[in-house]
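Okay, structure first, notes after.
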Amino acid sequence: MARAYDAVKIEQKWQHHWLEHGSYQVENDDPRPSYYCLCMYPYPSGPAHQGHVRNYTLGDLVVRHKTMQGFAVLSPIGWDSFGLPAENAAIKTGTHPRIFTDERIAELKTSLIGLGAVYDWRREICSHDPVFMRWNQVIFLRFLEAGLAYRANAAVNWCPGCQTVLANEQVLADGRCERSGDLVEKRDLEQWFFRITSYADELLAALDGLEWPDRVKVMQRNWIGRSEGAEFDLFVQAPDGGRSEVALRVFTTRPDTSFGMTYAVIAPEHPFVDQLTTENRRAEVDELRSRAALSTEIERSKAADTGEELTRRGAFTGSYVINPFNDQPVPVYIADYVLMGYGTGAIMAVPAEDERDFAFAGTYGLPVVRTVQPPDDFEGGAYTGEGPKINSGFLDGLDVATSKARAIEFLEEEGIGTRKVNYRLRDWLVSRQRFWGCPIPVVYCPDDGIVGVPEDQLPVVAPDDVEFLPSGQSPLALHDGFTHTTCPKCGGPARRETDTMDTFVDSSWYFLRFCNPWYSDGPVDPEGASRWMPVDQYIGGVEHAILHLLYARFYQRAMIDIGLLPSIEREPFRHYFAQGMIRMDGSKMSKSKGNLIAPAAYYERVGADALRLFHLFVGPPADDLDWTDQTDEIIDGCGRFLDRLWRLLTEEPVGTRTGPLNDDDVAFRRILHKTIRDVSQDIDRWSFNTAVAHCHELLNAFLRYARIEGGPHPDVFTEGADRFLLLLAPMTPHVAAELWERRHPGESSVHEQSWPSFDAALVTEDSVTMVVQVNGKVRDRIEVDPSIGAAEAEALALGSERVIEALAGASPKRVVVRPPSLVNVVA
RNA sequence: GCCCGGAUGGCGGAAUCGGUAGACGCGGAGGCCUCAAAAGCCUUUGCCGGCAACGGCGUGCGGGUUCGAGUCCCGCUCCGGGCACCA
């Protein structure tokens, strides 16, 4: 597209200017009030795509706007530079992940600079920087000391072909390994965990006070999944029919339904399985147990996709437990629908009031005893609604809530149970069997067990002389020089941990490091954190709404509680804005989908300003955006807007009139000041598309004004031009800076000016359109004084010829008057 | 299945508190300029009827509340997202 000005040239000029002048560098002792604006640091996957453009355009607008409003704005950026794609590339091409990653960072950095986004580049950090790794490892060791990091068995994804553990995202939807195609199994392996569940309650409760999108808060609430109920013992029946010493602990949210328990279920992995299984049942139980280990995950995901009812499989163990509420024995099953990872891994089954239990009971011919009276018209199996208790002894006749409380009282009196809250949230599994991540800094000593690497020996860095083989094994585990080490405690031979940390660990505190990336006495400078935290505005894709944001919230609290942070606010992100995703042909724009639209071609064709303007203008930033055939035409339209602005300010005569302002001058000034008001409001409420629309209206009015008879008044033209450029400075920074410089040679740049204010006297209307309706239909519009009274408005409306005509002789029954905007005559 | 969003012209979208539906842009149509084209400029553009003035219809569907509903309430349909055996 032919432009009115050389966009490439002026954009490069200003990008160099901002870099060379360190324009958005900010010192920690800056006297201005602080504002921390942060876009989620990107995974460096190569040149930017439109998702990046959108994200960093929003952040840049905020940074420039807040700076003009007089804040010291912290605008840092870095790179989430550990991760699987670099390692896969290494296996494919033999290039070391660091080389691959550094190249990708350079490409992405070029894209962002080309967008005109400004940062304090001195603060740039990346996850794979040894300094960052060192502090990452220090935090891990402090977590270990504090009991927040621990090692435990976990059921993990195991690929028999690759002979390794896979991360969830490496398991395809059909339950196969993404690399080898083998069916993934569940295996119990020792893994590292962070004790995020200790903070479950606080992480849940504190959501209420956050200024985040509601849907994100809802997602986090559901993810944490608090449920209240009771935990109690079911004693195993002794051979004589009475209670034995052994008890099965179960969790339920419906203790009120206990009288309806007709069997109990334990998970296939439950430690009591062997002990409860009688000899005649062992073959069947063992078969179910091995089958569950192999295939439940696959079948679950398959059932989830097709919406099919899951087949719940189980086997009777041969044992019975005694229901403490009615002393009746019920059979104990093992079944794949009970999960070891939740509650106690064992349940009382009440088919009448639980759909899963009902389905299972149907399959295995187990009885159903209702304890809640369903309504007469109820058809179906399990009834989970309200109703009076029946068949429930001392609970009969009570409602559900009351009988829950009574049932728990009973359990507590008997000393066999207690009120209990459970969470869906699990502890955070942080081990990854990968090379390209931050090594977990521990060694295993035959004598001293798990020993942390002393802090003066950190960081533990992966060796370079490794081979990337498509074996699926982490190269670290195959590197003798790395794995063979000495115990820091006893000096004897020891084995080094070869697992690395989940990359979500890096992103859980990088924003704290930005506060002072030069700090050398710890991971986070207490003064820097106190100065800048919490992040005032966090911006990023909603795909990180659960994990990243939850982990960061946990990290901030954990670091405060163990003294790695001063007692700053416990929430790291005060406001979070979730930008919508960019879709193409119905699917998300991403490298893996191969549907990336790189911005570089647009920088050359229409310029970064036009592309930025497009992203701001095309719709609300929270909404998804479809990249279609029409998109390029809209981008060209944004270029045309800038061309017309350029011509206006460089080619139109500014006028030669002197003396007082005439009506045209005043009318234009009114529009100008209203635009300043509207754009300011729109930016504050993140309605950038309407802010741009108001700029369009201003330009249309300005062009008309510039061409009026007698020409514009030079003072008004100047006022209009300067204020217009101030409004555009955060949105289209290059062209605003260039035009400003041409108008103000030798003076400070547009971005160093204050955000413009408007003249309140000019934005008050001297007349408004009053709508006159008859029976709710618009029949007339009358220009009136804004301060018009109700009586006058009514008289004007009833006097309207159009109203008289519409009434056709009928007399008004009622007149609704809402001066000055509306009168509705009801006939 | 459960939980959250959303649905407005040919298209992206606007309408901030229940009060002029369609701002602004894209696309289309017509015109000016030009030998011609591109660019630019001007006019027009929700649908139906009418030469026009104007009238009727219109915010996914069906009801309701209200003087008045895109906006609030009830019941659906479709699309998108999250979770998914969590007892």
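Note on naming: letters A, B, ... go to the chains in the order of the sequence lines (proteins, then strands), and numbering restarts at 1 for each one.
Here B:rC3 is the nucleotide among B:rG25, B:rC3, B:rC24 with the atom lying nearest to any side-chain atom of A:N222. Candidate nucleotides B:rC85, B:rC41, B:rC24 were compared by shortest atom distance to the side chain of A:R707, and B:rC41 ranks first. For A:T253, counting side-chain heavy atoms from C-beta on, the closest listed nucleotide (B:rC24, B:rC26, B:rA87) is B:rA87. Nearest nucleotide to the side chain of A:R802, out of B:rG19, B:rG82, B:rG55: B:rG55. In the set B:rA87, B:rA23, B:rU16, B:rA23 carries the atom at the smallest distance from any side-chain atom of A:A693. Closest contact between the side chain of A:V816 and the listed nucleotides B:rA87, B:rU20, B:rC67 involves B:rC67. Set against B:rC67, B:rU16, B:rG82, the side chain of A:V826 has B:rC67 as its closest nucleotide. Of the candidate nucleotides B:rG19, B:rA87, B:rG13, B:rG13 has the atom nearest to the side chain of A:N689. Closest to the side chain of A:Q773, from the set B:rG19, B:rA87, B:rC24, is B:rG19.
Across all strands shown, the partner of B:rC83 is B:rG1, judged by Watson-Crick or G-U wobble contacts whose two distances both fall under 3.5 Å. With a cut-off of 3.5 Å on both pairing distances, the Watson-Crick or G-U wobble partner of B:rC72 is B:rG64.
The residues A:E269 and A:R289 are annotated as not salt-bridged, no charged nitrogen and carboxylate oxygen being separated by less than 4.0 angstrom. At a threshold of 4.0 Å, the pair A:K217-A:D208 does not count as salt-bridged, since none of the basic side-chain nitrogens sits closer than that to a carboxylate oxygen. A salt bridge links A:R3 with A:D643; the closest basic N to acidic carboxylate O contact falls under 4.0 Å.
Side chains of A:Y383 and A:T371: a donor-acceptor N/O pair is absent below 3.5 angstrom, by distance only. Between the side chains of A:N700 and A:R644, at least one donor-acceptor pair of N or O atoms lies under 3.5 Å. Counted by atom type alone, A:E783 and A:T769 present one or more donor-acceptor pairs between their side chains at under 3.5 Å. A side-chain donor from one of A:D785 and A:S787 sits under 3.5 Å from a side-chain acceptor of the other.
Atom name P, nucleotides B:rC73 and B:rC17: the rounded distance is 14 Å, in whole Å. Distance noted for atom C1' between B:rG9 and B:rC24: 14 Å (whole Å). Between B:rG18 and B:rA69, the two P atoms lie 14 Å apart (nearest whole Å). Here the separation of B:rG56 from B:rC2, taken at their P atoms, is 45 Å to the nearest Å. When the P atom is used for both B:rU59 and B:rC54, the distance is 24 Å, rounded to whole Å. Annotation: B:rG13 and B:rG19 have their C1' atoms spaced 22 Å apart (nearest Å). Nucleotides B:rG60 and B:rC79 place their C1' atoms 11 Å apart, quoted to the nearest Å. Rounded to whole Å, the separation between the C1' atoms of B:rC26 and B:rC35 comes to 32 Å.
Computed from coordinates, the A:D629 CG to B:rC26 C1' distance equals 13 Å when rounded to whole Å. Here B:rA87 presents its C1' atom at 17 Å from CD1 of A:I334, a figure rounded to the nearest Å. Computed from coordinates, the A:E633 CD to B:rG27 P distance equals 5 Å when rounded to whole Å.
For the pair A:T690 and B:rU16, the criterion of a side-chain N or O lying under 4.0 Å from OP1 or OP2 is not met. Contact annotation: A:R779 side-chain N/O to B:rU20 OP1/OP2 distance is not under 4.0 Å. Between A:R704 and B:rC41 there is no side-chain polar atom (N or O) within less than 4.0 angstrom of OP1 or OP2. The phosphate of B:rA87 (OP1 or OP2) has no side-chain N or O of A:R424 nearer than 4.0 angstrom. An OP1 or OP2 oxygen of B:rU20 is reached within less than 4.0 angstrom by no side-chain nitrogen or oxygen of A:R781. The phosphate of B:rA39 has neither OP1 nor OP2 within less than 4.0 Å of any side-chain N or O from A:R644. For the pair A:K777 and B:rC57, the criterion of a side-chain N or O lying under 4.0 Å from OP1 or OP2 is met. The side chain of A:R583 places no N or O atom within less than 4.0 Å of a non-bridging phosphate oxygen (OP1 or OP2) of B:rG12. Residue A:N824 places no side-chain N or O under 4.0 Å from the OP1 or OP2 atom of B:rU66.
In this structure, B:rG22 shows a glycosidic angle more than 90 degrees from zero, which is the anti conformation. B:rC17 takes the syn form, because its glycosidic angle lies no more than 90° either side of 0.
Judged by distance alone, with hydrogens and angles left aside, A:R818 brings a side-chain donor or acceptor within reach of the base of B:rG19, the pair sitting under 3.5 Å. In this model, a side-chain donor or acceptor of A:Q630 finds a partner on the base of B:rC26 within 3.5 Å.
Projected onto RNA chain B by closest heavy-atom contact, A:F617 and A:D214 fall at different nucleotides, the more 5' of which corresponds to A:D214. The nearest heavy atom of RNA chain B to A:H696 and to A:L703 marks one nucleotide each, and the one closer to the 5' end goes with A:H696.
Of the listed residues (A:N824, A:V771, A:V772, A:L822), just one forms a side chain to side chain contact (heavy atoms under 4.5 Å, CB included) with A:V778, and that residue is A:V771.
Residue contacts shown for A:T628 are absent, as no nucleic acid heavy atom lies under 4.0 Å away.
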